[in-house]
Amino acid sequence: MTGFQSAFLKTLSERNYIHQCSDPEGLDALLDKETVTAYIGFDCTAKSLHVGSLVQIMMLRHLQRSGHRPIVLMGGGTTRVGDPTGKDESRKMLTADEISDNKAGIRQVFEAFLTFGDGPSDAIMIDNADWLLGLQYVDFLREIGRHVSVNQMIQRDSVRLRLEREQHLSFLEFNYMLLQAYDFVELNRRTGCRLQMGGSDQWGNILSGVDLGRRLGGADLFALTTPLITLASGAKMGKTASGAVWLNADMKSPYEYWQFWRNTEDADVGRFLKLFTELPLDEIARLEALDGSEINEAKKILANEATTMLHGADAAAEASEAARKTFEEGALAEALPTVEVPRADLEAGLGVLAAFVLADLAKSNGEARRQVRGGGLKVNDVAVSDERATLGAGDLTADGVIKLSLGKKRHVLLKAK
RNA sequence: GGAGGGGUGCCCGAGUGGCUAAAGGGGACGGGCUGUAAACCCGUUGGCUAUGCCUACGUUGGUUCGAAUCCAACCCCCUCCA
């Protein structure tokens with residue numbers, strides 16, 4: 001899709017954010033004419049979002065920078081139901097308290113990417129619990145249910161796949177798309193919101209809302225989805241050795257976040273620069289054309305840009321410097337993830353295996369032991385050969401720490417306290 | 001409510017009395033090669049105070065010298081019928 005007039009769609013299109021759009025010409029005209037309110041919904045299933053949601057977050061950012069108004073819709077209500085999309089099994093139910101904790105954690109991330117306030121293009125955050133929790137069942141059925149076709153609902157991928165695979169789908173989950181459709185209509189009533197965006201897996205749910213808006217009396221709503229971001233090697237994006245790449249700093253340190261981007265596959269660098277940084281396109285074109293090992297420079301820029309946007313320039317610089325010392329000089333970097341250990345334990349002698357478990361580099365002594373046999377553990381850059389060895393105060397470096405390494409990439413400092 | 005099929009390790013999936021901590025595959029992790037890349041090759045993949053002990057094949061009991069495998073009850077999923 002090319003030839004957009006509106007700044008927003010032009011940007012999205014150039015940077016490959018667009019997968020599907022319900023009415024590209026109509027939406028383009030609308031965006032070009034007036035300030036448009038658009039929303040993306042986020043589940044509150046964890047205390048933090050992870051990079052899997054970053055495309056959506058960036059899209060809201062672009063929306064705001066193009067002069068429109070983003071709404072972050074927190075799924076405080078829908079999370080109590082659970083989206084069956086892409087899930088093979090029902091999710092455990094979250095309590096109201098868990099959901100509200102999660103909401104608070106997620107809020108922090110958006111503060112970094114969007115400007116909130118009362119101005120015409122200031123972002124707002126709304127919780128669909130505000131209207132969903134008070135719904136009356138019979139009223140809802142009469143007002144909304146009459147416009148919804150079960151025939152269509154069971155055609156949606158999220159439902160169809162479960163049925164085809166003969167997997168359980170509860171009525172509770174079946175209703176998820178209905179609630180999401182209702183959200184769109186309700187947001188339209190409350191804020192004049194015209195556009196819902198989301199990942200490609202949300203296409204069906206979003207269209208349900210567009211449909212419902214039309215059936216209820218002519219609200220002209222739009223749907224726009226982003227492509228599913230996978231790695232060039234085919235894997236899903238966002239998982240690393242240490243688990244999901246969370247956005248909250250207390251769940252994934254800026255250093256690890258920087259590393260995540262630094263380890264991007266060659267073939268993904270250009271695509272990621274477009275999606276996850278705001279560098280000008282000609283600069284990106286130059287970077288992705290770098291050959292062989294020179295492309296590492298592009299990866300560093302990607303890491304710096306992405307980390308700056310989330311954690312700020314200081315944190316990014318620190319992470320970058322720590323990486324330089326660790327990987328390019330083989331020196332000790334203070335900014336590596338640090339775990340404190342009581343000085344008395346060290347003086348008494350701490351088993352190597354236990355030390356790696358403590359540093360969260362191994363899940364159990366057994367795993368640490370296997371890593372020793374495979375030659376994967378290092379203490380102060382020296383490979384561990386004896387699984388019975390102990391660490392003592394004598395192993396502290398001049399900086400007062402012990403550097404533990406798993407493989408070449410994961411390092412943790414043990415600090416006596 | 002009735003009939004039939006099914007529930008195995010992170011996931012898929014084999015296994016129908018001892019040789020089973022459970023084939024095979026995927027994923028993941030480590031090593032090698034590299035550029036902190038991909039691809040490829042090799043290894044590992046339940047826990048522990050470890051020549052042994054403990055936990056594990058939906059749950060709980062039972063049969064047996066011995067059970068993932070046999071029996072009973074229960075829970076859950078799927079299909080068809082009412």
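Bear in mind the structure is a predicted one, so any value in this text is a computation, not a measurement.
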pair_partner(rA72(B)), Watson-Crick or wobble, both distances < 3.5 Å, evaluates to rU60(B)

Given atom CZ of Arg370(A) and atom C1' of rA21(B), what is their separation to the nearest angstrom? 12 Å

How far does the C1' atom of rG27(B) sit from the matching atom of rG9(B), given to the nearest Å? 13 Å

Quick check: closest heavy atoms across Ala129(A) and Gly76(A), and the distance to 0.1 Å? CB-C, 3.9 Å

Return the nearest nucleotide to the side chain of Leu406(A); candidates are rA50(B), rC48(B), rG30(B). rG30(B)

rG30(B) and rU20(B), which share atom name P, separated by this distance in whole Å: 30 Å

What's the CD-C1' distance between Glu367(A) and rU44(B), to the nearest Å? 10 Å

Complementary nucleotide of rA37(B), counting Watson-Crick and G-U pairs under 3.5 Å: none

Between rU60(B) and rA67(B), how far apart are the two P atoms, rounded to whole Å? 16 Å

Taking the C1' atom in each of rC81(B) and rG26(B), what is the distance between them to the nearest angstrom? 39 Å

With the side chain counted from C-beta on, respond yes when Thr326(A) and Lys403(A) share a heavy-atom pair under 4.5 Å apart, and no when they do not. yes

Only pairs under 3.5 Å count here: list side-chain donor-acceptor contacts from residues 285-292 of chain A, not counting sequence neighbours, and write none if there are none.
from, atom 1, to, atom 2, distance (Å)
Arg286(A), NH2, Glu283(A), OE2, 3.4

Should the ring pair Tyr257(A) and His311(A) be called parallel, tilted or perpendicular, given that the plane angle runs from 0 to 90° and is split at 30 and 60? perpendicular

Can you see which heavy atom on Pro227(A) is nearest to which on Ser200(A), and at what distance? C-OG, 4.3 Å

P-based separation of rC80(B) from rC71(B) [nearest Å]: 28 Å

Watson-Crick or G-U wobble mate for rU79(B), both contacts under 3.5 Å: rA3(B)

Any chance you could list the contact pattern along nucleotides 35-43 of chain B? Use B for base contacts, S for sugar-phosphate-only contacts and - for none, protein heavy atoms under 4.0 Å, 5' to 3'. BBBSS----

Contact summary for Leu358(A) and Val339(A), nearest pair of heavy atoms: O-CG1, 3.9 Å

Separation between the C1' atoms of rA56(B) and rG4(B), rounded to whole Å: 30 Å

Out of curiosity, Gln259(A) CD to Lys409(A) NZ, how far, rounded to the nearest 0.5 Å? 8.0 Å

When both hydrogen-bonding distances must be under 3.5 Å and the geometry is Watson-Crick or G-U wobble, what is rG43(B) paired with, if anything? rC29(B)

Opposite nucleotide pairing with rA50(B), Watson-Crick or G-U, both atom distances under 3.5 Å: none

Inter-nucleotide P distance (rU59(B), rA82(B)), Å rounded: 35 Å

So do the side chains of Phe42(A) and Val72(A) get within less than 4.5 Å of each other, counting heavy atoms only? yes

Please name the nucleotide paired to rG9(B) by Watson-Crick or G-U wobble geometry with both distances under 3.5 Å, or report none. none

Using the C1' atom in both, what is the distance from rU45(B) to rU34(B), to the nearest Å? 25 Å

Gly376(A) vs Asn365(A), nearer the 5' end of RNA chain B by closest nucleotide: Gly376(A)

